[in-house]
Amino acid sequence: MQLHVLGTQFNVSAYPEDSQIKATLETGRIMINVRGDSVDYYLDPNNQLVYTPRTGKVETHPVLASDFSDWRKGELCFNDIAFADAMSMLERTYGVKIHIQNSSYDKQRLRAHFNKNESLGTVLQIIKMMIPYFEYQIVGKDVYIE
């Protein structure tokens, strides 16, 4: 994916383990071209482009851009994201390895906002309240999700 900055403030989330690449515009304007696509996508503030490399699907939609830059303030925000993507964010944020031992979470999506300095245990307890059958165990730097 190529992104051309046209005087702006934006956020890009593109980790190899995530299922989607997201570009979210806060101010200004950006132009995005997904390789192999003849279309250029222009984003205005509070818009997001989501690219799914596995399928080649590209979609844009309005968002509250500040929700996607919470990481700059040390906050964690799950905006209706896939369970696996949320677990990848937890791995990066807390420096742990999460082992998902159950495929029942594959279609689960999460929507939550966590303040700066929330402990991993607190975040997992809140997820447990959101998903009643969610069970986990923290062993050092490993988290096992059953």
Side-chain angles (χ1 to χ4, degrees), residues 1-3 5 8-37 41-146:
M1 185 167 97
Q2 290 183 338
L3 188 136
V5 177
T8 189
Q9 188 171 5
F10 62 94
N11 185 56
V12 175
S13 177
Y15 293 96
E17 65 273 11
D18 289 351
S19 62
Q20 298 178 317
I21 298 171
K22 298 176 183 175
T24 309
L25 183 62
E26 292 182 46
T27 62
R29 196 162 197 225
I30 58 176
M31 188 216 32
I32 301 170
N33 180 272
V34 178
R35 292 183 189 215
D37 194 343
Y41 300 89
Y42 291 88
L43 293 186
D44 291 317
N46 290 311
N47 277 273
Q48 180 180 71
L49 180 135
V50 179
Y51 171 55
T52 307
R54 184 177 50 81
T55 63
K57 183 178 180 181
V58 177
E59 55 188 3
T60 60
H61 52 276
V63 296
L64 182 58
S66 60
D67 286 349
F68 294 86
S69 59
D70 288 342
W71 62 271
R72 288 186 213 144
K73 298 180 279 185
E75 297 174 359
L76 192 59
C77 191
F78 299 151
N79 288 309
D80 191 34
I81 65 171
F83 182 83
D85 291 343
M87 295 304 104
S88 292
M89 287 175 71
L90 291 180
E91 285 180 327
R92 289 189 297 270
T93 301
Y94 293 99
V96 296
K97 175 66 179 155
I98 296 180
H99 308 273
I100 302 172
Q101 302 172 318
N102 182 331
S103 65
S104 65
Y105 303 108
D106 288 352
K107 295 189 179 186
Q108 185 70 48
R109 299 191 68 79
L110 295 176
R111 179 178 286 277
H113 182 271
F114 300 99
N115 294 323
K116 184 177 182 177
N117 299 324
E118 291 284 357
S119 71
L120 176 60
T122 299
V123 171
L124 292 171
Q125 275 301 113
I126 291 170
I127 293 173
K128 183 175 175 59
M129 288 189 285
M130 295 167 60
I131 306 172
Y133 54 89
F134 179 81
E135 295 294 331
Y136 68 92
Q137 182 179 15
I138 301 173
V139 180
K141 292 283 189 182
D142 290 293
V143 178
Y144 298 91
I145 297 176
E146 303 166 12

| query | How long is the gap from CD1 on I98 to CZ on R92, to the nearest 0.5 Å? | reply | 10.5 Å
| said: Applying side-chain hydrogen bond (donor to acceptor under 3.5 Å, both in side chains), can you list everything that pairs with Q48, at least two apart in sequence or on another chain? | reply: T24, H61
| field | Listed partners of Y94 passing side-chain hydrogen bond (donor to acceptor under 3.5 Å, both in side chains), at least two apart | value | none
| query | Hey, what do you get for CD1 (I126) to NE2 (H113), rounding to the nearest 0.5 Å? | reply | 11.5 Å
| said: Applying side-chain contact (heavy atoms from CB on, under 4.5 Å), can you list everything that pairs with P45, at least two apart in sequence or on another chain? | reply: L25
Please output the side-chain donor-acceptor pairs of residues 139-146 that fall under 3.5 Å, not counting sequence neighbours, one pair per line with the distance.
| from | atom 1 | to | atom 2 | distance (Å) |
| --- | --- | --- | --- | --- |
| D142 | OD1 | H99 | NE2 | 2.8 |

| field | Shortest non-hydrogen contact from A14 toward I21 | value | CB-CG2, 3.8 Å
| remark: Separation between OH (Y42) and CD1 (I30), nearest 0.5 Å, reads 11.5 Å
| note | Heavy-atom nearest pair, I32 first then A23, reads CD1-CB, 3.6 Å
| Distance (rounded to the nearest 0.5 Å) between N47 CG and E26 CD | 12.5 Å
| remark: Output for pair (L120 CG, I138 CD1), nearest 0.5 Å, gives 4.5 Å
| remark: Scanning both residues in full, the closest heavy-atom pair of L110 with I131 reads CD2-CD1, 3.8 Å
| request: Sorted by first residue and then second, give each side-chain hydrogen bond (donor to acceptor under 3.5 Å, both in side chains) pair with at least one member in residues 129-139; sequence neighbours left out. | output: Q108-Y133, Q125-Y136, K128-E135
For residues 76-89, run the donor-acceptor check on the side chains, cut-off 3.5 Å, and write out each pair with its distance to 0.1 Å, sequence neighbours left out.
| from | atom 1 | to | atom 2 | distance (Å) |
| --- | --- | --- | --- | --- |
| D80 | OD1 | R109 | NE | 3.4 |
| D85 | OD1 | S19 | N | 3.3 |
| D85 | OD2 | S19 | OG | 3.2 |
| S88 | OG | A84 | O | 3.2 |

| request: If a pair satisfies salt bridge (charged side-chain N to carboxylate O under 4.0 Å, His left out) and one of its residues is in residues 43-52, list it, with sequence neighbours excluded. | output: R29-D44
| Who are the salt bridge (Lys or Arg N to Asp or Glu O under 4.0 Å) partners of E91, not counting sequence neighbours? | K97
| query | V50 versus V58: any side-chain heavy-atom pair under 4.5 Å? | reply | no
| For S119, all residues meeting side-chain contact (heavy atoms from CB on, under 4.5 Å), sequence neighbours excluded | T122
